[in-house]
Asker: 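Take this structure, written in structure tokens, and hold onto it; I'll ask about it next.
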Amino acid sequence: MQSKARLLGHPIHQMLIVFPLGLLTTSLIFDVIGGISHHGIWNFIAFYMIGAGIFGGVVAGAFGLVDWVVIPRRTRAKLVGLQHAIANVVALVIFAASWVMRLDAPHIPGRMAILVSAVGVAVAGLGGWLGGELVNRFGVGVHEGAHLNSPGSLSGRPASDDAGPGPA
């Protein structure tokens, strides 16, 4: 099934997710550099990257919702899409908490704010992996003849195997 929200023939959601994922992950890297170098400018930049990443995640999520709504019910793809959405919403909430923890002193985030961001990166990684399942395994948003009931990639079975209706 092809994406319903497309730009010049390509799914918009898949184009947009690289920005928040890159910004949020890089913000953690900048926090680590700031902690090692003791130069708060890195943490200050990370603060703004988190804000931009949250905004970008909300925008990308809106286009993802447009695509998820049209996935047929009782397919594995519908369930994995829901799990993908939940993981990414949780990741955005976690990063929002880290961002709020930094409001008073963005250049000195504190260890807890950085730890919270690290958890956010892990959860976003899970959400990204689930998104990869949707696109690469099920063909959601890409192929008109997508296999919406394919077994998961960890099953060891080919994507062309039909796992049957419903989550498996």
Side-chain angles (χ1 to χ4, degrees), residues 1-31 45-100 102 116-155 157-168:
M1 58 164 281
Q2 290 190 342
S3 172
K4 298 302 176 196
R6 300 173 73 79
L7 177 66
L8 301 175
H10 294 282
I12 295 172
H13 177 67
Q14 293 173 26
M15 286 189 269
L16 293 179
I17 57 92
V18 296
F19 296 107
L21 193 56
L23 285 163
L24 295 171
T25 302
T26 304
S27 74
L28 177 61
I29 294 168
F30 279 23
D31 275 335
I45 295 168
F47 173 78
Y48 284 99
M49 292 177 87
I50 292 170
I54 292 168
F55 175 78
V58 170
V59 172
F63 285 100
L65 180 61
V66 168
D67 289 342
W68 181 78
V69 167
V70 297
I71 296 174
R73 297 176 121 177
R74 292 186 288 277
T75 61
R76 289 196 73 245
K78 188 76 163 186
L79 174 63
V80 172
L82 179 62
Q83 293 167 337
H84 167 69
I86 290 169
N88 287 320
V89 167
V90 169
L92 290 177
V93 168
I94 291 169
F95 272 104
S98 177
W99 188 81
V100 167
R102 302 161 185 256
V116 169
S117 286
V119 172
V121 167
V123 174
L126 171 64
W129 186 85
L130 290 166
E133 283 286 282
L134 287 168
V135 173
N136 298 317
R137 189 69 172 180
F138 299 121
V140 170
V142 179
H143 305 294
E144 193 58 48
H147 295 284
L148 301 179
N149 283 311
S150 293
S153 61
L154 299 178
S155 71
R157 295 174 30 213
S160 58
D161 281 359
D162 188 350

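The analysis underlying the following values was restricted to heavy atoms, covering all of them including side chains, and did not include hydrogens, waters or symmetry mates. The first residue in the sequence is number 1, and the count goes up from there.
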Asker: To the nearest 0.5 Å, how far apart are CZ in R74 and CG in N149?
Answerer: 11.0 Å
Asker: Let me confirm one number: the CZ-OG1 distance from F138 to T75, rounded to the nearest 0.5 Å.
Answerer: 8.0 Å
Asker: CE of M49 to CG of L28: how many Å apart, nearest 0.5 Å?
Answerer: 10.5 Å
Asker: Quick one: does K78's side chain have a donor or acceptor within less than 3.5 Å of a partner on R73's backbone?
Answerer: no
Asker: How close do G57 and P20 get, heavy atom to heavy atom, and via which atoms?
Answerer: N-CB, 3.5 Å
Asker: Could you tell me which non-hydrogen atom of G22 sits nearest to which non-hydrogen atom of T26, and how far apart they are?
Answerer: O-OG1, 2.7 Å
Asker: Taking atom CG of L126 and atom NE2 of H84, what is their separation to the nearest 0.5 Å?
Answerer: 10.5 Å
Asker: Of all heavy-atom pairs between A60 and L16, which one has the smallest distance, and what is that distance?
Answerer: CB-CB, 3.9 Å
Asker: Please table the atom pairs, donor to acceptor, closer than 3.5 Å between any side-chain atom in residues 90-98 and protein atoms at least two apart or in another chain.
Answerer:
| residue | atom | partner | partner atom | Å |
| --- | --- | --- | --- | --- |
| S98 | OG | R102 | NE | 3.0 |
| S98 | OG | R102 | NH2 | 3.2 |
| S98 | OG | A113 | O | 2.9 |
| S98 | OG | S117 | OG | 2.8 |

Asker: Determine the minimum heavy-atom distance between G152 and R76, stating which atoms define it.
Answerer: N-NH1, 3.0 Å
Asker: Would the distance check show the side chain of R137 and the main-chain N or O of P151 forming a donor-acceptor pair, the cut-off being under 3.5 Å?
Answerer: yes
Asker: Which heavy atom of L21 sits nearest a heavy atom of T25, and at what distance?
Answerer: O-OG1, 2.9 Å
Asker: Within a strict 4.5 Å, meaning less than it, do heavy atoms of the L130 and L134 side chains meet?
Answerer: no
Asker: Tell me the salt bridge (charged side-chain N to carboxylate O under 4.0 Å, His left out) pairs involving residues 83-97, sequence neighbours left out?
Answerer: none
Asker: Rounded to the nearest 0.5 Å, what separation is found between the CD atom of Q83 and the CH2 atom of W129?
Answerer: 9.5 Å
Asker: Not counting sequence neighbours, list each pair that qualifies as a ring pair (Phe, Tyr, Trp, His ring centres under 6.0 Å) and has a residue in residues 47-82.
Answerer: F44-Y48, F47-W99
Asker: Please report the closest heavy-atom contact between G128 and N88, naming both atoms and the distance.
Answerer: N-OD1, 4.3 Å
Asker: Distance from I50 atom CD1 to L23 atom CG, nearest 0.5 Å?
Answerer: 10.0 Å
